[in-house]
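The residues of the chain are indexed from 1 along the displayed sequence. These numbers come from a predicted model, not from an experiment.
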Amino acid sequence: MKQEIEHYTNRAGGKGTMHIERLLTPKEMGSHVKMYARVTIDVNSSLGYHKHEDDTEVYYILEGHALYNDNGMERELKPGDVTYTPNGKSHGIKNIGNEPLVFMALILLK
């Protein structure tokens with residue numbers, strides 16, 4: 001079941017505000033899923049570059065445009081794009097559009 005929306009400022013060293021709407025409770029996710037959520041990053045905001053340890057993460061872009069940093073290689077993302085960050089690798093994402101950036105985030109435990 002949907003949870004309350006969490007609001008973060010300068011998350012992981014990023015800039016501005018982002019919002020995480022967790023879609024399942026820990027009990028519903030079981031032992032292999034750390035997070036399944038709809039994430040919104042405000043205009044001129046970002047989630048800072050960070051490393052994944054003992055988990056992997058997938059983003060599915062729903063709305064907006066982003067600059068995605070995948071282990072130091074940057075690329076633009078648009079609705080319908082998918083990213084994958086394996087265990088031990090790093091990433092960050094920045095809203096470069098004029099509207100909120102919205103994506104699904106799935107974190108699976110190793």
Side-chain angles (χ1 to χ4, degrees):
M1 301 300 266
K2 279 168 71 167
Q3 308 296 303
E4 285 190 36
I5 297 175
E6 302 164 17
H7 309 281
Y8 297 94
T9 303
N10 306 327
R11 181 87 169 179
K15 175 182 158 189
T17 306
M18 66 179 289
H19 317 276
I20 298 177
E21 180 181 5
R22 296 177 191 269
L23 301 175
L24 297 173
T25 65
K27 182 179 178 182
E28 292 167 330
M29 290 185 294
S31 62
H32 298 292
V33 179
K34 183 175 180 180
M35 184 179 81
Y36 177 58
R38 178 182 167 106
V39 178
T40 302
I41 298 179
D42 290 346
V43 174
N44 297 318
S45 297
S46 64
L47 170 60
Y49 188 75
H50 60 282
K51 185 174 185 177
H52 279 264
E53 307 245 5
D54 298 321
D55 60 31
T56 64
E57 186 167 25
V58 175
Y59 293 162
Y60 177 74
I61 307 299
L62 298 170
E63 301 172 24
H65 290 85
L67 182 62
Y68 182 70
N69 185 333
D70 182 9
N71 283 293
M73 297 193 59
E74 293 185 331
R75 64 183 168 117
E76 289 191 26
L77 302 176
K78 62 186 181 327
D81 287 341
V82 176
T83 69
Y84 173 72
T85 303
N87 180 46
K89 301 297 181 179
S90 302
H91 68 159
I93 190 166
K94 177 180 180 181
N95 183 345
I96 59 170
N98 295 320
E99 61 186 11
L101 171 65
V102 182
F103 56 93
M104 299 305 298
L106 174 64
I107 301 177
L108 301 172
L109 295 169
K110 180 180 166 196

Once rounded to the nearest 0.5 Å, what's the spacing between atom CG of L108 and atom CG of N87? 11.5 Å
Applying side chain to side chain donor-acceptor pair (under 3.5 Å) to S45 and Y8, what does each step give before you reach the verdict? CA-CA 11 Å; S45 297; Y8 297 94; over 6 Å; no
Got a second to check how far K34's NZ is from T56's OG1, nearest 0.5 Å? 10.5 Å
Going by the rule ring-ring contact (aromatic ring centres under 6.0 Å, His included), which residues pair with H50 if we only count those two or more places apart in sequence or in a different chain? H52, H91
Kindly compute the distance separating CD (E53) from OG (S90), expressed to the nearest 0.5 Å. 8.0 Å
Could you check whether the rings of F103 and Y59 sit parallel, tilted or perpendicular, using 30° and 60° as the cut-offs? tilted
Linking I/L/V/M/F/W/Y whenever any side-chain heavy atoms sit under 4.5 Å apart, do L106 and L77 land together? no
So, taking the atom named NZ in K15 and the one named NZ in K94, what distance separates them when rounded to the nearest 0.5 Å? 6.0 Å
Beyond-backbone contact of I93 with N69, side-chain heavy atoms, under 4.5 angstrom: no
Whether N10 side chain and G16 backbone form a donor-acceptor pair below 3.5 Å: yes
I need the E63 CD to N95 CG distance, nearest 0.5 Å. 11.0 Å
How about L67 and E76: do any of their side-chain heavy atoms sit closer than 4.5 Å? yes
Compile the donor-acceptor pairs under 3.5 Å between side chains in residues 35-44 and protein atoms, sequence neighbours left out, one pair per line.
unit_1 : atom_1 : unit_2 : atom_2 : d
D42    : OD1    : H19    : NE2    : 3.0
D42    : OD2    : H19    : NE2    : 3.2

Is the CD atom of E6 crowded by more than 12 outside heavy atoms at less than 6.0 Å? yes
